[in-house]
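Naming convention: chains lettered A, B, ... in sequence-line order (proteins, then strands); numbering from 1 in each chain.
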Amino acid sequence: MKVGCDVGGTFTDLVALGDDGVMRLGKALNSGTGPAEGTLTALRAAGASAEDVTEFSHGTTTVTNLLIERTGAAVGLITTRGFRDILEIQYSFRERTFAAHYRKEPALVPRHLRLEVGGRIERDGSESEPLDRDEVAAACRALLDAGVECLAVSLYNAYANPGHERAVAEVWRELAPDRPVTCATDVDARMGEYERVSTATLNASAVPAMRAYADELREAIGAPTLYMHSAGGVVTPPDAAERPIQLALSGPAAGVLAARQVARELGIADVITLDMGGTSCDVCLIRDGELRERDTFDVAFGVPARTRSIDISTVGAGGGSIGWMDSGGALQVGPRSAGALPGPACYGRGGTEPTVTDANLVLGVLSAGLLGGSLELDAAAAEAALARLGEQFGVDAVEMAKAMRAIVNANMAQAVRQVTVRHGIDPRTCALVAFGGAGGQHAAGVADELDIATVVIPAHSSVLSAVGLLTADVRVSETRTLLTPVEMIGTPEVDAVFEELRSEAAARLAGTDVPDLLTERWVGLRYADQWHELPLPVAGDPASLAERFEAEHERRFGTRLADPVQVVDGWVTLVGLRPDVAIGTAAAAEAPPSGADATRELRLFGAEVPVVARDGLGAAGQAGPLLVEEGSTVTVVPPGRRAVLRAGHLLLEDVA
Amino acid sequence: MSTVQTDAFTAEILRSYLVNTVKEMVITTTRTAYSTCFCHGEDFTCGIFDADGRMIAQDQGVGVHAGGLEGAIASVIRQATGPWKPGDVYLHNDPYDGGTHQADVCVVRPIFAEGRHVGFATNRGHWSDVGGMAPGGWSGVAQDIVQEGLLLPAVQLYDAGVLREDVRRMVLRNVRMKHQCWGDLQAQIASAIAAERRIQALVERNGMAGYEAAIEAAISYSRRRFLTAAERLPARAAEAEDVMEDTATGEGPFPIRVRLERQADGTVVADFAGTSPQALAPINCTYASTRAAVIGSLITMLDPDLPLNAGVTQLIDVRAPLGCMVNPEYPAPCFGTTADPAARTAEVVLRALSELLPDRAVAGSYSTGQNATGGGQRADGQEFLWYSYQAGGCGAFEGGDGNSAMWHIMANSKNESCEAWEARYPIRYRAFALREGSGGAGKWRGGLGTERRIEVEAPTRLSAISGHHDLEAHGLAGARGGAPNGFELERDGEQRRIQHVYGLASPSKFANLPLQAGDVFVSLQGGGGGVGDPRERDRAAVAADLAAGYITPEEARDVYGYGEEQQP
């Protein structure tokens, strides 16, 4: 039995696919002690046990949380003389223009644990000053005496020649064989001393915890296991443990992968995904069926992790987002969230501030008996919370709830606009694929803001991330800075670099059984004087690269420039394909909908509307306004849209 | 799906749409620009205005650009000939009429929707070069403004979308690095086009009435918010003073004085009467920069999240006699305005505000851009030009230490990678580090300044405008000041002040000094002032500072009194 298992902030979501082709869904509350217990509980909920598992694909927020909360191991840093403060200087960039009363993010490694050594590599990779191994050993000993649990090595210009970094790591391993060391060039081999040292120290801080995590999971689940990384591929447990930084955004990646699969099943090329949960909403663009990658994301403001990830934007808009009046008298919703505790007012756990979930309950989108029946919702408490806020604006609870929905929808629409602007794309040409606990409640509202005609609510949308894990391909990338004219692509010199990168990537897959390994070669190109690159695959005639770059530049930015084209970075990605699963048509064993109401008063539209089970929509579908239920999720179908089933997925089509 | 009627909540959503339109202008600019200033430094600011030139929204860009966009729009509206046509583009950089310095070129493009002229989109950005006597413009020795480069009072570059070739040739013929300048200019225009498309989409969806309601919502929102925040200012005046240190010829210091008072109607008046007359040196602060300094300081002290627009700027009255150092007229040089004078003017205003709001008091920062350029030709004849500006130590505040290696409030730019510089210019970085002991001692310690050591590998002409090289950033309430800024040169193993190497009257202002290959240019950015008596600093914090090397053992013992408590 193949299993996809996603450990999120609150729940572990699991999908088990048996030889019979039936998907079994399981969900468990995280116990917080480690990955094993939640995973085993979720397996039981899906009617399976550890012995049944033949293949285990895993996504986890462990690294994310550890980096954000700064709860990783104590790291020491060895760097080149003159550069130990690079980590603390950061970008010298403020989040707000006019601010003086704040403290910038402290360096991950405090200054007394950042030690400098001599030795110098020049920009062309040559050595102008040798490394002194005795000096390095003294620095290692000083750090060990100071109690560091692991080491990061990040040397100036090492992107051009990692020799000195490797030598430092060797010395460390001799002195402290059981304490991990991260060479910056092993996790980020590109030019840019601050990004490299930041990425290396973040990675080092997560290695001890990730090693322990992988060990625990291996004991609980004996089957071959793969870990989802931020770029939407899976890697082996040792690779995940030694390069945990690549897992930093693994959470939202799996959902996007599944959404892409859903789009393929529907024959839709351009898609915006909207993953709306309790505290936030993740937005991602899929163009021509392809995911966009970005090379860096910020762990905290001004603290970059340069590791490839799917280009996903997050906005503080979720079911728990709180409505409030700001000092200018405007209604704001989020980014503060009531979370699970105290939770929305309607949870009856002490929350008194109105949340989006409260608004949806008051408007009839949610019913008092929903959420699987495990939680009684207190409609009176929701109404009271909204009425209190409404008093400040001079409106009643229902108007307040409508306004909160409008604001939170506008916030999500804005996030979509920024993603599309960044890529030079008009959102009206895309379909919106919405999932996550609250996705169906808001999808049509967001789509209306953006004039998007087609909305898709995928099958199994509440555990879509776990579904995405089932089919994720193995992907391992190695990157190097080339800084060479585009004409050099295809020459034996550059081919040799690509071949080195390929074998470095292959080494990371050693000892695993990966079928059908494909090799992709990529380059980041720019006009010689620019600072931003466009990624393009090296395929076909190398001579066509420059032309493809210029065409892409014109498509995105509207201009072609009569300038030389330069290759900044080159990278190789090894892809091990894993078989797809038809998400929409796979048989599923899932809890039936509540089925409590045939109709409900939907104050959102001021009408009594039908409540229809997804599978009961019929071939012709049904025009809004109505509510569609599937398991524990509900979808709002507004007037002007028709709910239909296509390839097993729920579509809300614009009929206006 | 279009609705014509606009209720309060819808107006609110549209207000936020307008603010986000400006954010999208920023994304468009960084994705398409050419120069390091634009792409890494993000040294540009975008804004949208209504058809009357009222600011609707502006991005959180460069502080010193904040007050000036309105002035530039007003100047262009006044001078433009004929009715506005779709696709018109004007260039503006006049320091005496809404501009900062010539290098900050403002692109102004009208916004048309449903065939009507409904506003302007503008993008002010720092070009790599605008001509003048020093590559990159930072000549410390200029004596009049014409020496500082091309002046663009309101010059039409596109007429109804058609490029005016003669104007293009004239502009590019007068600048160095014309290639980068043209690339950046196209990015500025692209951002203005992006804004127009967004406004057109809004009008299409919500009608012209929706657009107009959104503008009013934006302006009245910011106005309300500012008035609420300004209530915290006590109903009395505060005065403060600081100086511009010197000129290249050794004159100075020149006082900058302000008297600040909130009026009964909520308007804040900043009166600079008593400030020194303008100098014939690039240390004057253009009126737009002075306004930016006042506006930025007020927002910093009152409400850092306040969205800036006409609702706020209409409530801030900046009075400065024409011909004084903070409102100069022809022919006073102004190139330095965005670096030292604006930052210094902001320091004066912050000082007055710190007296009025003691619980928000903030000490002095290094407050200079330490702007320096190095230009020349490589062995193969190819031109190069690097432009160095760097952050330093910020002032402590009541309740927190000052930030190290962070920009003062009038500027905000991302550091460029040292390695990327080496790959692009004939230089070699020896170090980029914090300056130990540079933060002003106090109960709350000032932030540390930074040190850059740049070895030049080819003959290089060095120019600079900086300040406060002999003066400290002030401390407050019994604290020490932060270390001054500095320019030094290491040559043949000996490191000295540049002033002494070249026998100059000023330590911080010079042009075209000949550096030899192998020289190391050392740029020292100062520290921030502290707040409160150093002996009251938390002992664990002193110990941590000592372990980190932020303070020296002598300083710990003598200034912080560290170790005394262990004595019998």
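Contact of B:R223 with chain A is not made at all, since no heavy-atom distance falls under 4.5 Å. Of the atoms belonging to B:R360, heavy atoms from both backbone and side chain fall under 4.5 Å from chain A. Only the side chain of A:D326 comes within contact range of chain B, with heavy atoms under 4.5 Å apart. Contact of B:Y429 with chain A is made through backbone and side chain together, with heavy-atom distances under 4.5 Å. Residue A:Y156 touches chain B through both its backbone and its side chain, counting heavy-atom pairs closer than 4.5 Å. Of the atoms belonging to A:E122, it is side-chain heavy atoms, and not backbone ones, that fall under 4.5 Å from chain B. At a 4.5 Å heavy-atom cutoff, the contact between B:E24 and chain A is made by backbone and side-chain atoms alike. When heavy atoms are compared at a cutoff of 4.5 Å, A:Y102 approaches chain B by way of both its backbone and its side chain. Heavy-atom distances place the backbone of B:A411, and not its side chain, under 4.5 Å from chain A. A:A158 touches chain B through its backbone: at least one of N, CA, C or O sits under 4.5 Å from a heavy atom, while the side chain does not. Heavy atoms closer than 4.5 Å to chain A are found in both the backbone and the side chain of B:L434.
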Using side-chain contact (heavy atoms from CB on, under 4.5 Å), reason through A:L155 and A:I121 one step at a time and then give a plain yes or no. CA-CA 8 Å; A:L155 302 182; A:I121 299 291; over 6 Å; no

side-chain contact (heavy atoms from CB on, under 4.5 Å) evaluation trace for B:F432 with B:R452: CA-CA 5 Å; B:F432 186 23; B:R452 274 185 182 170; 3.4 Å; yes

Let me see the working for A:S92 and B:N415 under side-chain hydrogen bond (donor to acceptor under 3.5 Å, both in side chains), right down to the final yes or no. CA-CA 6 Å; A:S92 301; B:N415 288 331; 2.9 Å; yes

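With sequence neighbours excluded, the residues that form a side chain to side chain contact (heavy atoms under 4.5 Å, CB included) with A:A415 are A:V283, A:V315. With sequence neighbours excluded, no residue forms a salt bridge (charged side-chain N to carboxylate O under 4.0 Å, His left out) with A:D298. In terms of the ring pair (Phe, Tyr, Trp, His ring centres under 6.0 Å) criterion, residue partners of A:Y194 (sequence neighbours excluded) are, by chain and number, A:Y91.
Inter-residue side-chain proximity for B:E455 and B:V520 is flagged as met; some heavy-atom pair is nearer than 4.5 Å. The closest side-chain heavy-atom distance from B:D359 to B:L357 is below 4.5 Å. A 4.5 Å side-chain heavy-atom check between A:T79 and A:E193 finds every atom pair outside the cut-off.
With respect to A:R111 and B:E436, a salt bridge is recorded, a charged nitrogen being found less than 4.0 Å from a carboxylate O.
Looking only at heavy-atom pairs under 4.5 Å with chain A, the residue among B:A217, B:S297, B:A431 that has the most is B:A431.
For B:R197, the CZ atom counts as loosely surrounded, since its 6.0 Å shell holds 12 or fewer non-hydrogen atoms of other residues, nucleotides or ligands.
Contacts with chain A (heavy atom to heavy atom, under 4.5 Å) involve these residues of residues 391-401 of chain B, listed by number: B:A391, B:F397, B:D401.
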